[in-house]
There are 2 protein chains.
Amino acid sequence: MPDRPTQILEAAARLIARRGVRGLRVEEVSAEAGVSTALIYYHFKDRTGLLRRTLEFINRRAVRYTDAAFDLSDDPRTQLTEILLRELQDAPDVRENSAAWGELRATAVFDPDLRELLATATREWNDDLAGLIHRAREADPALSGVDAQAAAERLTALVEGVSERWLSGTTSLQRAHELIRGAVEAELRPA
Amino acid sequence: MPDRPTQILEAAARLIARRGVRGLRVEEVSAEAGVSTALIYYHFKDRTGLLRRTLEFINRRAVRYTDAAFDLSDDPRTQLTEILLRELQDAPDVRENSAAWGELRATAVFDPDLRELLATATREWNDDLAGLIHRAREADPALSGVDAQAAAERLTALVEGVSERWLSGTTSLQRAHELIRGAVEAELRPA
DNA sequence: GTCTATAGTGGGATAGAC
DNA sequence: GTCTATCCCACTATAGAC
């Protein structure tokens, strides 16, 4: 059994996925976690504090299921594709994560406080991916014309765009995966 | 001088770009438009009604500046690139549009009422782009391997992702344009 | 650390005059 | 069609007991 603060964070993460960052009500979190609202204020100071900690919590959790892609294969191209595909899955915690991430991005447009958290996480993601593309390029000389950094930025941006369409019901999960695979092929193609 | 409802919609569009859909206060809109809050309820029934009409208003307006890309050149590839680049500009009304569009997408994840509006507009955008890619393919036989529909969906999704990064200050406007140009090249490349 | 009870308030919505 | 005035509720946040 996790400790109280963690239980509250888990409840908050679930609710962000259902209602969004902006729709998150402290009272709802307390009900979902089975505690009083006062306890939330005791542990997290105010709504903003709860929000920040929840976003960090979700971010830490995301790394876990993405990293599993590395055990799947030694081929950097396969790893790359898997990492991107794993951002969109029908599992509850992955959906939670994508939804929260989308909310963070959307909220950061109007809330400068969140921008640093967003920028840092985005940079790490881009750099990780650029590293994999770099390795894929070394393994296959035909790819020498690929700009690893730019390709990485385009792929992550595309995944974010596709993710939002998936979450909003505009695009099916299957189609989303096809689009991502197609994008990897288009980017990692001899010039 | 536009009529009152239009003035209100213009004010609401400006405010959505500044505060977001969720941050939109009816009272603020009334102040910005120089009318009473009661008048807004008279014309739009409630806050949701105002929101819907504003989103539609913004959508109609967006078509105008994008369509100007067709006068620029007869080359479908140039038109295609221009259409995408024009989604991200430093002009106030374009920024307003991108911000509102981003908010619509993000909000639709949690608000089924907005999904239809979003899905229709997205489909039209994709189809327009797919048409251009189709024409580019006919003009250049080397592109015969390109799946116009899929490429269009990937490009629009990428533009949405890049747009969000631009608006949230994660990526500069210049870099955003580079990424879009690069994506067009990656997609419209002989197989 | 955790609760119950309640204060405070921002902002959506309406009544009624003109 | 448009305004002034006001109601009222949903939410955040705190006080104080245990």
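Here is how names work: the chains are called A, B, and so on, in the same order as the sequence lines, proteins then strands, and each is numbered from 1.
A cation-pi geometry, defined here as NZ or CZ lying under 6.0 Å from the six-membered ring centre and within 45° of its normal, holds between Arg95(B) and Trp166(B).
Of the N and O atoms on the side chains of Ser163(A) and Arg105(A), not one donor lies less than 3.5 Å from an acceptor on the other residue.
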* For the pair Phe110(A) and Leu167(B), evaluate side chain to side chain contact (heavy atoms under 4.5 Å, CB included) and give the outcome as yes or no after the intermediate values. => CA-CA 9 Å; Phe110(A) 308 102; Leu167(B) 292 169; over 6 Å; no
* Given Glu28(B) and Arg18(B), is the salt bridge (charged side-chain N to carboxylate O under 4.0 Å, His left out) satisfied, shown in steps? -> CA-CA 11 Å; Glu28(B) 249 179 337; Arg18(B) 282 214 288 279; over 6 Å; no
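Here Glu160(B) pairs with Arg165(A) in a salt bridge; the nearest charged N to carboxylate O distance falls below 4.0 Å. Comment: Glu56(B) engages Arg52(B) in a salt bridge, judged by a side-chain N to carboxylate O separation of less than 4.0 angstrom.
When the side-chain nitrogen and oxygen atoms of Arg4(A) are compared with OP1 and OP2 of dG1(C), none of them lie within a distance under 4.0 Å.
Side chain of Leu39(B), nearest nucleotide from dC3(C), dT2(D), dT2(C): dT2(D). With distances taken from any side-chain atom of His43(B) to the nucleotides dC3(C), dG1(C), dT2(D), the minimum falls on dT2(D).
A straight line from CZ of Arg22(A) to P of dG11(C) spans 16 Å, rounded to a whole angstrom. Look at CG on Leu50(B): it is 10 Å from P on dG12(C), rounded to the nearest Å. Following rounding to the nearest Å, Gln7(A) (CD) and dG1(C) (P) show an atom-to-atom distance of 14 Å. If you measure from atom CG of Leu15(B) to atom P of dG11(C), you get 13 Å, rounded to the nearest angstrom.
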* Structure fact -> With sugar-phosphate taken as primed atoms, P, OP1 and OP2 and all else as base, the protein-contact string of nucleotides 12-18 of chain D at under 4.0 Å (heavy atoms; B, S, -) is SBBB---
